[in-house]
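Read through the structure below, which is laid out as structure tokens, and then see the notes.
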Protein chains: 2
Amino acid sequence: METGSTKQRILEEALGLFSLKGFDAVSVEQIAAAVGIKAPSLYKHYKSKQAIFDAIFVQMQHRYDAQAAAMELHLSNAGCDGEQFAGIAAADLTRRVQALVRFSLHDEFVSRFRRLMTLEQFRTPELAALYTQRYVTRILSYHEELFRGLIARGELRGADPRAMAWQYVSPVLVLLSICDRQPEWEDAAMKELEAHVRQFQAVYEGGK
Amino acid sequence: METGSTKQRILEEALGLFSLKGFDAVSVEQIAAAVGIKAPSLYKHYKSKQAIFDAIFVQMQHRYDAQAAAMELHLSNAGCDGEQFAGIAAADLTRRVQALVRFSLHDEFVSRFRRLMTLEQFRTPELAALYTQRYVTRILSYHEELFRGLIARGELRGADPRAMAWQYVSPVLVLLSICDRQPEWEDAAMKELEAHVRQFQAVYEGGK
DNA sequence: GTCTATATCCAGATAGAC
DNA sequence: GTCTATCTGGATATAGAC
């Protein structure tokens with residue numbers, strides 16, 4: 001019942017509503033009702049509806065940074081020297097991508113924030129760039145460097161590592177977007193994902 | 001200046017605004033201003049803001065059907081007997097996908113409608129299903145059957161045609177979505193697309 | 001911190017003159 | 001078909017009691 005709890009619940013309920021209907025379609029009164037208070041009380045915690053939206057982004061950035069540190073340790077410097085790929089066999093790719101997808105789908109904050117970004121991506125060039133960077137470019141670049149390293153070490157058949165990254169990553173992104181709008185697809189999506197990874201490995205595994 | 005012209009201009013201006021900001025964020029007055037009339041005059045052409053939205057969908061369905069008849073002649077019955085693939089060499093795939101992407105990006109009605117769908121996809125299960133069906137499933141199924149036929153005819157290396165379709169189609173969809181939010185990416189996207197098709201052909205071309 | 005009451009604004013939509 | 005004037009409802013946000 002303390003301040004922090006209500007303040008946090010406002011963020012969570014607002015994100016839940018924003019991610020379904022978009023910022024404009026959600027009223028402050030709806031957010032307040034979801035929290036269990038009246039709309040005017042909400043203004044004791046945030047000075048405006050926009051401030052709630054902004055706070056969601058700040059919190060998401062913190063979570064993203066923490067997650068990046070934990071799961072994607074080498075995301076930004078994957079291509080420095082190749083040393084960080086020691087011990088990463090091609091067979092590990094399956095586990096890695098499955099873990100990433102499951103987390104992206106099941107973490108409420110992450111999946112809701114992604115849907116919110118999907119709904120607001122055309123608002124400003126900054127949001128558009130953030131979307132592409134976070135949900136495409138970084139993942140793509142990471143895999144490109146990963147494949148480049150695996151090819152160099154002879155664990156994958158030689159080929160254009162960037163094109164390989166597109167082939168590998170894109171189906172995952174598309175399946176994620178399908179599950180975002182149709183959660184009932186999840187089981188089917190995981191099967192498609194499995195077949196996709198199997199096919200990818202069959203094509204590229206066993207270099208030299 | 002006749003009725004039909006104004007009525008059509010309302011649809012086009014409304015679609016342009018909806019596709020940028022979403023249905024809720026656009027006011028009837030904004031639409032009217034874009035057309036060059038006052039808001040009340042607009043109600044002589046459509047009985048409500050929602051009616052404009054619905055009319056956009058009806059018109060898009062007509063365009064989609066016409067386009068499907070012209071460009072994707074065999075989309076819905078591609079797998080019937082394999083006969084319709086006569087004369088389709090693997091090399092034709094590049095031209096086909098490039099034509100599809102260019103059309104999807106440059107046709108104002110098609111690209112704006114796709115952005116509108118992106119913004120409204122979470123509204124109802126029907127819109128979600130329509131989005132997946134139109135922008136993923138149909139394209140995917142078409143290519144799956146196409147590859148199945150090409151493999152049977154020995155023009156592509158034998159493999160899982162569905163997984164091949166995911167690998168082939170997904171990068172195209174992701175690049176499209178990037179260009180939708182960041183049009184300045186188009187040149188880069190076409191280059192990525194070219195490399196993607198080249199890589200796909202290098203991997204799968206030459207069956208038997 | 002929460003409430004009721006209210007101020008202010010703006011949106012969708014209608015009435016009726018021209 | 002277009003306009004001005006207006007109705008009505010709902011939204012953000014504030015004031016002030018408890």
Side-chain angles (χ1 to χ4, degrees), chain A residues 1-59 112-113 115-116 119-120 122-124 127, chain B residues 1-60 112-113 115-117 119-120 122-124 127:
Chain A
M1 200 64 95
E2 71 273 30
T3 304
S5 177
T6 299
K7 190 162 186 166
Q8 179 60 23
R9 284 206 59 216
I10 291 172
L11 274 199
E12 289 164 1
E13 296 294 344
L15 177 55
L17 290 165
F18 288 160
S19 68
L20 283 175
K21 315 203 237 179
F23 180 79
D24 293 290
V26 176
S27 71
V28 173
E29 192 172 353
Q30 283 176 293
I31 300 171
V35 175
I37 60 178
K38 298 293 183 181
S41 306
L42 191 146
Y43 286 87
K44 297 290 181 182
H45 301 280
Y46 297 95
K47 80 172 212 293
S48 69
K49 185 184 173 186
Q50 183 65 41
I52 300 174
F53 185 85
D54 296 340
I56 289 172
F57 270 74
V58 169
Q59 185 157 122
R112 285 173 173 179
F113 183 80
R115 290 203 302 272
L116 174 58
L119 292 178
E120 308 298 333
F122 302 141
R123 277 302 174 81
T124 70
L127 282 178
Chain B
M1 201 64 96
E2 72 272 32
T3 305
S5 176
T6 298
K7 190 162 188 167
Q8 179 59 24
R9 284 206 59 217
I10 292 171
L11 275 199
E12 290 164 359
E13 298 293 346
L15 177 56
L17 290 165
F18 288 160
S19 68
L20 283 175
K21 316 203 234 179
F23 180 79
D24 292 290
V26 176
S27 71
V28 174
E29 192 172 353
Q30 283 177 291
I31 300 171
V35 175
I37 61 179
K38 297 294 182 181
S41 307
L42 191 146
Y43 286 87
K44 297 290 181 182
H45 302 280
Y46 297 94
K47 80 173 211 293
S48 69
K49 185 184 174 186
Q50 183 65 41
I52 300 174
F53 185 84
D54 296 340
I56 289 171
F57 270 74
V58 170
Q59 186 158 123
M60 188 58 218
R112 285 173 173 179
F113 184 80
R115 290 203 302 271
L116 173 58
M117 286 288 289
L119 293 178
E120 307 299 332
F122 303 141
R123 277 300 174 83
T124 71
L127 282 177

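As a basis for the values below, the full set of heavy atoms in this structure was taken, side chains included, without hydrogen atoms, waters or symmetry mates. We name chains A, B, ... by the order of the sequence lines, and we start the count at 1 in each one.
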Distance in angstrom units between [X] [atom1] and [N] [atom2], rounded:
{"X": "B:Ile31", "N": "C:dA11", "atom1": "CD1", "atom2": "C1'", "result": "12 Å"}
{"X": "A:Leu42", "N": "D:dA13", "atom1": "CG", "atom2": "C1'", "result": "11 Å"}
{"X": "B:Ile10", "N": "D:dT2", "atom1": "CD1", "atom2": "C1'", "result": "11 Å"}
{"X": "A:Glu29", "N": "C:dT4", "atom1": "CD", "atom2": "C1'", "result": "13 Å"}
{"X": "B:Ile52", "N": "C:dA13", "atom1": "CD1", "atom2": "C1'", "result": "12 Å"}
{"X": "B:Tyr43", "N": "D:dC7", "atom1": "OH", "atom2": "P", "result": "17 Å"}

> With a distance cut-off below 6.0 Å to the six-membered ring centre and an angular limit of 45° from the axis, does B:Lys7 pair with B:Tyr46 as a cation-pi contact?
Replying inline: yes
> Hey, does B:Lys44 reach any base, or is it just sugar-phosphate, or nothing, if we go heavy atoms under 4.0 Å?
Replying inline: base
> What does A:Val35 touch in the nucleic acid at a heavy-atom separation under 4.0 angstrom: a base, only the sugar-phosphate, or nothing?
Replying inline: nothing
Which nucleotide, [options], lies nearest any side-chain atom of [X]?
{"X": "B:His45", "options": "D:dT12, D:dT2, C:dA13", "value": "D:dT2"}
{"X": "B:Ser27", "options": "C:dT2, C:dG12, D:dT14", "value": "C:dG12"}
{"X": "B:Ser48", "options": "D:dT2, C:dA13, C:dA11", "value": "C:dA13"}
{"X": "B:Lys38", "options": "D:dC3, D:dT2, C:dG12", "value": "D:dC3"}
{"X": "A:Pro40", "options": "C:dC3, D:dT12, D:dA5", "value": "C:dC3"}
{"X": "B:Lys49", "options": "C:dC3, C:dA15, C:dG12", "value": "C:dG12"}

> If only atom types and distance count, is the side chain of B:Arg9 paired as donor or acceptor with the main-chain N or O of B:Val35 below 3.5 Å?
Replying inline: yes
> Counting distance only, does the side-chain N/O of B:Gln30 pair as donor-acceptor with the main-chain N or O of B:Leu17 below 3.5 Å?
Replying inline: no
> So, is A:Ser41 close to the C:dT4 phosphate, meaning a side-chain N or O under 4.0 Å from OP1 or OP2?
Replying inline: no
>> Is any side-chain heavy atom of A:Ile31 closer than 4.5 Å to one of A:Phe18?
In response: yes
>> Parallel, tilted or perpendicular: which one describes the rings of A:Phe113 and A:Phe57, with boundaries at 30° and 60°?
In response: perpendicular
